Amino acid sequence: MISLLVIGIGLVLGSLLNVLIIRLPREQRLLGWPRCIRTGQPLQWWQLLPVLGWVLQRGKAADGRPLPIIYPLVEIGSAIWLWRLYDLYGFGPLFPYLAFVGAVLIVTGVVDWLYRWIYTVVILGGALIAFIWGSLVGAGWRELLLGGLIGGVGFLFLYLLALVLFPSKSAPFGLGDVYLAIFIGAALGLRHLGPALIYGIFMAGLVAAGILIARRLGRTTPEYLPYGAYLCLGVLIYVALGGYLSP
């Protein structure tokens, strides 16, 4: 029964995160009744129901245009995330903390996937909150401070290196990825920084290799990877597999 309640709360959380994912890039505002991303019309209450609203609309807006499947996936993913945190930590102090960390990662990862953009205020503001909160319930403040500093410095080096190696086009690493590394380090701590990043780096490497092979075969491929999205997903997988059981 409690697990079902946690899943229900996770679905609602995912619906709220979708509001951020939709509004930050498209509307630059957070207040007001949600509107359809296709028609711009205010949504009916039943359209706001997590997952069910998308299903009842058969994945289409009123004008027949398809609604992105990423939105119900965010709601389902958020529900799975909260259920897994409850399974690992119960309702202990790490449960709400890691729920917050996961929420920031989900919003950041999905926005980066859809729009190739990482919001500085969201990720650095989240890093500050995670550092203060995590110092109280997770690793010590020195561990988190070192994690944020080393994550930021390491990815800043990669960003500057990319600028040198790719001077004629936008660098494959952006400053947003640097800020994201600061958040991950400040949220999980130095000891977990490397293992958590490996998951995302490995996934991004596999996709990059696939893109290079496709180009060799003359296929049309995307020019850039949403690197931050893979890093976010990698951290979520790391925590969900129990990597943070001993902060």
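Here the structure is a predicted model, which is why all the values come from computation and not from measurement.
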Hydrogens and angles aside, do H192 and Y238 bring a side-chain donor and acceptor to less than 3.5 Å of each other? yes
Less than 4.5 Å apart, any side-chain heavy atom of [X] and any of [Y]?
X: I184; Y: L197; value: yes
X: Y230; Y: W113; value: yes
X: I80; Y: I7; value: no
X: Y159; Y: D177; value: no
X: L236; Y: Y199; value: no
X: L13; Y: W81; value: no
X: C232; Y: D112; value: no
X: L188; Y: Y244; value: yes

Using the rule that two of Ile, Leu, Val, Met, Phe, Trp, Tyr join whenever any of their side-chain heavy atoms come within less than 4.5 Å, decide whether [X] and [Y] are in one cluster.
X: L160; Y: Y179; result: yes
X: V235; Y: I201; result: yes
X: L16; Y: I22; result: no
X: V110; Y: V121; result: no
X: V51; Y: L4; result: no

Rounded distance [0.5 Å steps], [atom1] in [X] versus [atom2] in [Y]:
X: W83; Y: L5; atom1: CH2; atom2: CG; result: 15.0 Å
X: S15; Y: L20; atom1: OG; atom2: CG; result: 10.5 Å
X: I123; Y: L175; atom1: CD1; atom2: CG; result: 13.5 Å
X: L73; Y: W54; atom1: CG; atom2: CH2; result: 8.0 Å

How would you list, by chain and number, every residue that makes a side-chain contact (heavy atoms from CB on, under 4.5 Å) with [X], sequence neighbours excluded?
X: L136; result: none
X: I213; result: L217
X: I150; result: L190, L193
X: I198; result: none

Other members of the hydrophobic cluster containing [X], with the 4.5 Å side-chain heavy-atom rule, please.
X: I132; answer: L128, F131, W141, L144, L145, L149
X: F202; answer: L206
X: V153; answer: none

Does the pair V107 and Y119 meet the rule for a side-chain contact (heavy atoms from CB on, under 4.5 Å), with working shown? CA-CA 10 Å; V107 170; Y119 282 89; over 6 Å; no
From CA spacing to verdict: side-chain contact (heavy atoms from CB on, under 4.5 Å), F155, L180: CA-CA 9 Å; F155 270 71; L180 176 58; over 6 Å; no
May I have all residue pairs that pass salt bridge (charged side-chain N to carboxylate O under 4.0 Å, His left out) and include part of residues 55-64, sequence neighbours excluded? D63-R65
Go through the steps for S78 and L17 under the test side-chain contact (heavy atoms from CB on, under 4.5 Å), then give the verdict. CA-CA 9 Å; S78 298; L17 296 183; 3.7 Å; yes
Got a list of side-chain donor-acceptor pairs under 3.5 Å for residues 94-101, not counting sequence neighbours?
from, atom 1, to, atom 2, distance (Å)
Y97, OH, A130, O, 3.4
Y97, OH, A187, O, 2.6

Taking salt bridge (charged side-chain N to carboxylate O under 4.0 Å, His left out) as the test, write out the residues that go with R84, two or more places apart. D87
From the list L124, L105, I118, side-chain contact (heavy atoms from CB on, under 4.5 Å) with F183 holds only for L105
Can you list the residues that meet the side-chain hydrogen bond (donor to acceptor under 3.5 Å, both in side chains) rule with N18, with sequence neighbours excluded? E75
What residues form a side-chain hydrogen bond (donor to acceptor under 3.5 Å, both in side chains) with Q57, not counting sequence neighbours? Q47
Nearest heavy-atom contact between R191 and E143 is N-OE2, 2.5 Å
Heavy atoms of other groups near W133 CH2, more than 12 under 6.0 Å: yes
Could you go through F91 and I2, starting from their C-alpha distance and side-chain angles, then the distance that decides it, and tell me whether this counts as side-chain contact (heavy atoms from CB on, under 4.5 Å)? CA-CA 11 Å; F91 286 125; I2 295 179; 3.7 Å; yes
